[in-house]
Protein chains: 2
Amino acid sequence: METTAFSHSPTVLLRVHKGFDLSQVHTGSTPGFTGDKDAGKELLDREDEQLTELQEKLFAQSRFGARDSVLLVLQAMDTGGKGGIVRHVIGAADPQGIHHKAFKAPTAEEQSKGFLWRIEKELPAPGIIGVFDRSHYEDVLVQRVRKLSPANEIEQRYSLIRDFEARVAAGGTRIIKVMLHISKDEQKDRLQERLDRPDKHWKYNPGDVDDRTFWDQYQQAYQIALERTSTDSAPWYVVPADKKWYARIAVQQLLIDVLEDINPQWPTADFDVAAEKKRLAES
Amino acid sequence: METTAFSHSPTVLLRVHKGFDLSQVHTGSTPGFTGDKDAGKELLDREDEQLTELQEKLFAQSRFGARDSVLLVLQAMDTGGKGGIVRHVIGAADPQGIHHKAFKAPTAEEQSKGFLWRIEKELPAPGIIGVFDRSHYEDVLVQRVRKLSPANEIEQRYSLIRDFEARVAAGGTRIIKVMLHISKDEQKDRLQERLDRPDKHWKYNPGDVDDRTFWDQYQQAYQIALERTSTDSAPWYVVPADKKWYARIAVQQLLIDVLEDINPQWPTADFDVAAEKKRLAES
């Protein structure tokens, strides 16, 4: 089989810049990739090793003082494919180097603190790739659409988020924020499948259908969040996600690009290798 | 290629019972498995899917109230292969359903609390497979060998551990405790490899050679811990680990056995499927 690669990196093609318009993104498109589903799956497998080696180096160098870490934030409408990214992209990496956190509706204790309190606690340590399944962006998405907080409080959150993320980035964490973007029709098909298959019933939540009546408001809330919080230190990427296989190779590439940019190195021994060989031989 | 399976389950063959003698275990043996390395790798791949499906069911049923979880405790002398188990056995599972925790030497805060304080905080939630790379057993292993706590305190810990684990098990967590058992010669070879390969230097710690002079005392400390804390609610398994491939298939099988015993089920819908299909169609 002929191998296909990205003609242009998703890091460039999918990035949200000033003037970005979410409504213009075709959810079924595959920017930068001309191959089909099989070619996509082949690429995913092929790049696993690259991702794994970069991750191991990132982890290794942290043991010798390097501060770099990565944070992947995943946001999407229900059925958008966050779980599939975790399983098929992150799943290839060494669990030792991954910190995965799924954020649910906040608990009473969490609600009593600032909305970033629970986020801060789950930030990745040096050497770790953190993966957030939902995040502090729920506080400007569902909270905005369903009016769960006063409007002026929600308005303040965008700048609080920018400041927070800038601080986290300055501490050595590379932040990649991904919106998996599906169409309303695609969501319907995926919810239908969950209802058709008894082994998928557990993933179905009647509230998901209620949320569909707010579809346009959610898209608007995403548009506002994207334009206000896509910064150099914490950029947003909108990944067309009607084709699950495309979303997976795109996110995989975003991760590989940022890791290559960190360019982690095997640490140099801080001990005398020859002397240790002698000690070992005598032990 | 002809497929080879276990003739008898590691859950039976490797279990530590009354009268167990660690010094009688051959670290290079492959109990219950007559195949070679290739056959072992083939089995590992083949069983991945089984482990993954059981894990997903465990996770799914927890969303509908089931309390079951699993805790895999990994202990070994340095280079024993804990990391390889995490990567090659646990790595096949969905990161969403795994909680991995590596315990290092305790911090000042941790030392000021009881030794089980930091363990309790990392116990797996319902539906999750927890993996401990080192554990509270360090408090009766290195602490005993290096005399880091008063002898009478260490003596008390065995019963504290038994009580703690019995409580955890009663709460719905199935505990599997694994000692990866290597020979002193095998450790030497593995440390040698870490010194020979610059990309492995980061895994080498001069203290590991110091610990080799305490090899017999460590074996004795393991013997004592194994005989005092292998219980019905939290059994120990001693896995011969000179052959990495054997240790991996053995631990994989221990996990599969306990998951099959839990026998997790896809949850039954707590909503009216027909009514939801109608609502969805109209949405």
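Lettering of chains follows the sequences in order, A, B, ..., and the numbering in each one begins at 1.
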**Study point:** Max heavy-atom pair count under 4.5 Å with chain A, selected residue of B/T52, B/I98, B/D210
**Key:** B/D210

Practice item. Would you mind checking which part of B/R279 comes under 4.5 Å of any heavy atom in chain A, side chain (CB onward), backbone (N, CA, C, O), both or neither? Key: both

Exercise for review: Count the heavy-atom pairs under 4.5 Å between each of A/H100, A/E276, A/R212 and chain B, then report the option with the highest count.
Suggested key: A/E276

Check your understanding: With respect to B/L255, which candidate in B/I85, B/I90, B/V131, B/L54 satisfies the side chain to side chain contact (heavy atoms under 4.5 Å, CB included) definition?
Key -> B/I90

Review point. Does any heavy atom of chain B fall under 4.5 Å from the side chain of A/D270, the backbone, both, or neither of them?
Key: neither

**Study point:** NE2-CD1 distance between A/H136 and A/I119, expressed to the nearest 0.5 angstrom
**Key:** 6.0 Å

**Study point:** Atom group of B/A275 that falls short of 4.5 Å from chain A, counting heavy atoms
**Key:** neither

Check your understanding: Quick one: what part of B/D208 sits under 4.5 Å from any heavy atom of chain A, side chain, backbone, both or neither?
Key -> neither

Check your understanding: A/A102 versus chain B, heavy atoms under 4.5 Å apart: side chain, backbone, both or neither?
Key -> neither

Study note, to complete from the structure: Scanning both residues in full, the closest heavy-atom pair of B/K82 with B/D133 reads NZ-OD1, 2.9 Å

Point to revise | Contact leader toward chain B among A/G91, A/A281, A/P206, where contacts are heavy-atom pairs under 4.5 Å | key: A/P206

Check your understanding: Quick one: do A/R190 and A/D78 make a salt bridge, cutoff under 4.0 Å?
Key -> no

Check your understanding: If you count heavy-atom pairs under 4.5 Å with chain B, which of A/Q192, A/K203, A/K200, A/K184 comes out on top?
Key -> A/Q192

Check your understanding: Honestly, is B/K101 close enough over B/F103, meaning NZ or CZ under 6.0 Å from the six-membered ring centre and within 45° of the axis?
Key -> yes

Point to revise | Pairs of heavy atoms under 4.5 Å with chain B: top-ranked of A/K277, A/H88, A/R63 | key: A/K277

Review point. Going by an N to O cut-off under 4.0 Å, is there a salt bridge joining A/E56 and B/R87?
Key: yes

Exercise for review: Report yes or no: is the cationic atom of A/K244 (NZ for Lys, CZ for Arg) under 6.0 Å from the centre of the six-membered ring of A/Y246, at an angle within 45° of the ring normal?
Suggested key: no

Exercise for review: Just give me the residue among A/V86, A/D272, A/N205 that pairs up with chain B most often, heavy atom to heavy atom, under 4.5 Å.
Suggested key: A/V86

Point to revise | N-O pairing of B/E122 and B/R118 below 4.0 Å | key: no

Point to revise | Side chain, backbone, both or neither of B/W266 within contact of chain A (heavy atoms, under 4.5 Å) | key: side chain

**Study point:** Part of A/T213 lying under 4.5 Å from any heavy atom of chain B
**Key:** neither

Practice item. With a 4.5 Å cut-off on heavy-atom pairs, point out which of B/A274, B/S283, B/A92 contacts chain A the most. Key: B/S283

Exercise for review: Establish, yes or no, whether the cationic atom of A/R134 lies under 6.0 Å from the six-membered ring centre of A/Y137 and within 45° of the ring axis.
Suggested key: no

